[in-house]
Engineer: 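Take a look at the following structure, please.
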Amino acid sequence: MAATITEDNRRKLGRINKNFFLHIHAGKVHPNSLRPDYTFGLGIILGFLFLIMILTGVILLINYTPSVERAYNSVKDIMFVVPGGRYIRNIHRWAAHGMVLVSFLHLIRVFYTGGYLKGRSQNWIFGVVILFLVMFMNFSGYLLPWDQLAFWAVTIGSNIAASFRELTDILGITQVLDIGGFIRSLLLGDDTVGQAALSRFFMLHVVFLPVTLMVFVGLHFWRIRKDGGISRPQSEGAKVNKLYSWPLVMWAELAILMGTAAVLLAMAFLFDAPLREEANPAFAENPAKSPWYFLGIQELVSYSAFAGGVVIPVLFLVFLISVPYVDREEKYIGIWFSGPQGRRITWQSIAFTGIVTLALVIIIIRYGWLNTWIPGIPRFVVMLVNPATLSALAYVLWSLWVNRQTGSGRMRTMAMFTCTMTAFIIFTVIGIWFRGPNWEFYWSAAQWPVF
Amino acid sequence: MTVTDINESGQTRRDFIKRFSVWAAASAGILASLSLIRQFIPRFSRQQKRFKIGRKNNYPLNSYTYLPERQLFVYRDHEGVRAVSAVCTHLGCIIEKSDEGFQCPCHGSCYNEDGEVVSGAATKDLPWFELNKDVDGQIVVDQGRIAGPGQKLYI
């Protein structure tokens with residue numbers, strides 16, 4: 001049916017198409033794409049957060065000096081001397097944390113609504129790359145203030161990369177082929193964290209990663225248009241009339257931008273970004289904790305550096321990339337959890353993960369692990385058998401079982417995804433609230449011993 | 001089609017030149033980036049591997065002394081001096097002296113007095129370094145040479 005294009009409609013299309021910054025939008029959108037209970041606007045929030053990061057980052061660059069002698073003091077100047085510097089730094093900090101949080105929420109939203117189906121697999125993979133880039137952006141920005149937190153987080157992080165040595169040591173080829181040491185020297189430019197590392201991380205954080213991120217964000221948006229708008233619930237019955245983007249979508253996006261900015265400004269006003277003592281290679285903080293989003297991984301590496309820091313995260317990444325290929329059922333797009341069966345599987349998976357992972361964690365905290373039970377046990381046994389690898393194995397078995405019960409690719413993928421996400425949350429919560437000095441278990445920080 | 005030269009496999013001259021130039025450009029690019037990658041690999045370390053740590057009298061008897069700027073524990077008894085690394089072999093934090101040996105604050109790896117792993121996620125023992133006496137009487141630590149836990153500099 002050819003709806004006659006009135007002068008008014010032509011004007012609405014023109015408002016979008018004739019503006020460089022707006023022509024990223026389609027002229028018309030499907031009404032279901034705008035349902036807030038479907039997308040929660042998470043992607044657009046991320047876009048705005050990234051813009052805010054760039055703006056505040058440029059402002060911070062004016063007064064920051066990337067040298068070992070000056071870095072800490074220049075950040076101190078930003079905090080205490082530069083007018084409004086503290087506020088800008090706080091916004092930068094909370095926007096960065098927001099990006100990690102919202103990236104994960106966006107991942108979860110897209111997964112459970114089947115947003116990776118029907119030719120959207122390529123965009124799903126771009127999304128996974130963006131998630132990785134956001135995490136790496138945060139990690140590289142972490143070193144720049146050159147305080148104790150920064151120094152030890154990056155020391156630990158670079159040594160996680162170097163823990164390939166645990167594998168090459170077992171094979172006895174570290175002398176010839178030291179992959180771990182090679183990756184670390186690429187990251188740090190030296191054996192330990194120093195000026196070379198600061199220069200490299202500065203370059204990564206300020207030039208390489210933001211530009212790469214912009215490219216992938218561009219690709220991500222481009223694919224949305226190519227795939228016919230964001231994935232959405234199929235509408236029942238007859239053809240629906242699409243809505244004109246102008247001014248409807250503009251209002252929606254403006255509201256989200258205002259909301260995001262309001263939350264950020266309030267956070268930055270109420271909570272200061274931390275700045276500890278200047279980096280001191282002679283003494284580690286006790287406990288030396290990474291930012292909250294890495295504490296799940298820090299909990300895993302406390303079992304085994306290589307298994308928890310390299311193998312599990314790489315397997316997780318491989319799983320995420322494989323999602324559109326493991327689940328090829330082009331059904332239930334836009335339906336949360338694909339209906340009641342998926343909802344049930346999700347709850348069961350959460351319960352299963354809760355029981356298995358918590359049981360393993362309780363065992364290692366209360367009774368120790370193989371190396372405390374059997375002194376002199378070969379250390380690679382602990383590397384292979386620890387709460388991290390055992391729970392990962394349990395999730396694989398669980399999703400295989402779900403596959404046998406339901407015979408559905410969607411259900412097995414959903415079981416696996418739910419398990420890994422739940423475990424990620426469990427380990428992160430333990431790392432944030434239940435680990436104290438010497439990485440020992442405490443019910444609360446009030447019980448920490450005083451030195 | 002003006003090009004008529006076709007070889008046995010049905011390839012035109014133009015096809016050949018096209019394919020040849022793509023491969024030439026690709027291999028030139030790969031070789032150039034390989035040589036550029038070398039810029040990312042550090043050629044030297046700012047860390048000193050061999051250094052003096054003073055005379056034995058600087059170190060009290062039968063106790064571990066921590067050298068903050070070198071990240072070393074030096075132990076002296078009535079026979080001589082030994083030096084053990086203070087860097088945790090798990091993920092590189094600085095270990096602390098505990099009652100039974102050493103303990104890492106970051107992820108809780110424990111070592112005994114000989115630097116051997118007792119518990120935790122560390123997979124390697126703490127390295128003990130070779131010590132020598134210089135002509136001026138100072139002790140020289142050589143972090144490039146690993147000694148056993150029992151090896152002392154008898155002075």
Engineer: With a cut-off of 6.0 Å (strictly less than), are more than 12 heavy atoms of other residues, nucleotides or ligands near CH2 of B:Trp23?
Structural biologist: no
Engineer: Give the minimum heavy-atom separation between A:Ser302 and B:His90, together with the two atoms involved.
Structural biologist: CA-CE1, 4.3 Å
Engineer: For the CG atom of B:Leu91 and the CD atom of A:Gln298, what is their distance to the nearest 0.5 Å?
Structural biologist: 8.5 Å
Engineer: Identify the heavy atoms of A:Ala284 and B:Pro105 that sit nearest to each other, and give their distance.
Structural biologist: CB-CG, 4.2 Å
Engineer: Not counting sequence neighbours, list each pair that qualifies as a ring-ring contact (aromatic ring centres under 6.0 Å, His included) and has a residue in residues 170-210 of chain A.
Structural biologist: A:Tyr64-A:Phe202, A:Phe139-A:Phe201
Engineer: Is it the backbone or the side chain of A:Val301 that comes under 4.5 Å from a heavy atom of chain B, or both, or neither?
Structural biologist: both
Engineer: Is atom CZ of B:Phe44 surrounded by more than 12 heavy atoms (other residues, nucleotides or ligands) closer than 6.0 Å?
Structural biologist: no
Engineer: For residues B:Glu96 and A:Asn438, determine if any side-chain heavy atom of one lies less than 4.5 Å from a side-chain heavy atom of the other.
Structural biologist: yes
Engineer: Which heavy atom of A:Glu440 sits nearest a heavy atom of B:Gln103, and at what distance?
Structural biologist: OE2-NE2, 3.7 Å
Engineer: Taking all non-hydrogen atoms of both residues, which atom of A:Trp152 and which atom of B:Ile94 are closest, and how far apart?
Structural biologist: CH2-CG1, 3.3 Å
Engineer: Of all of A:Ser163, A:Gly157, A:Ala162, A:Gly189, which one pairs up most often with chain B through heavy atoms under 4.5 Å apart?
Structural biologist: A:Gly189
Engineer: Give a yes or no on whether B:Lys133 atom NZ has more than 12 heavy-atom contacts from other residues, nucleotides or ligands under 6.0 Å away.
Structural biologist: no
Engineer: Could you please state which residues from residues 57-70 of chain B sit under 4.5 angstrom from chain A, measuring non-hydrogen atom to non-hydrogen atom, sorted by number, or 'none'?
Structural biologist: B:Tyr66, B:Pro68
Engineer: Is it the side chain or the backbone of A:Ser304 that comes within 4.5 Å of chain B heavy atoms, both, or neither?
Structural biologist: backbone
Engineer: Sort B:Val117 into side chain, backbone, both or neither according to what part of it lies under 4.5 angstrom from a heavy atom of chain A.
Structural biologist: both
Engineer: Any idea which heavy atoms bring A:Ser185 and B:Pro42 closest together, and the distance?
Structural biologist: O-CD, 3.5 Å
Engineer: If you round to the nearest 0.5 Å, how far is CD of B:Gln71 from OG1 of A:Thr192?
Structural biologist: 7.5 Å
Engineer: Name the region of A:Arg200, side chain, backbone, both or neither, that has any atom closer than 4.5 Å to a heavy atom of chain B.
Structural biologist: side chain
Engineer: A quick test of your reading: do over 12 heavy atoms of other residues, nucleotides or ligands sit less than 6.0 Å from CZ of B:Arg145?
Structural biologist: no
Engineer: So which residue, B:Cys110, B:Ser119, B:Gly108, B:Cys106, ends up with the most heavy-atom pairs under 4.5 Å with chain A?
Structural biologist: B:Cys106
Engineer: How about B:Cys93 and A:Ile156: do any of their side-chain heavy atoms sit closer than 4.5 Å?
Structural biologist: yes
Engineer: Going from CD on A:Glu299 to NE2 on B:His107, what distance comes out if it is rounded to the nearest 0.5 angstrom?
Structural biologist: 9.0 Å
Engineer: Is there side-chain contact between A:Asp169 and B:Lys124, with heavy atoms separated by less than 4.5 Å?
Structural biologist: yes
Engineer: Is it the case that atom CZ in A:Phe434 sees more than 12 heavy atoms from other parts of the structure closer than 6.0 Å?
Structural biologist: yes
Engineer: Which bit of B:Ala86 comes within less than 4.5 Å of chain A, counting heavy atoms only: side chain, backbone, both or neither?
Structural biologist: neither
Engineer: In terms of heavy-atom pairs under 4.5 Å, which option from A:Pro281, A:Gly194, A:Ser158 contacts chain B the most?
Structural biologist: A:Pro281
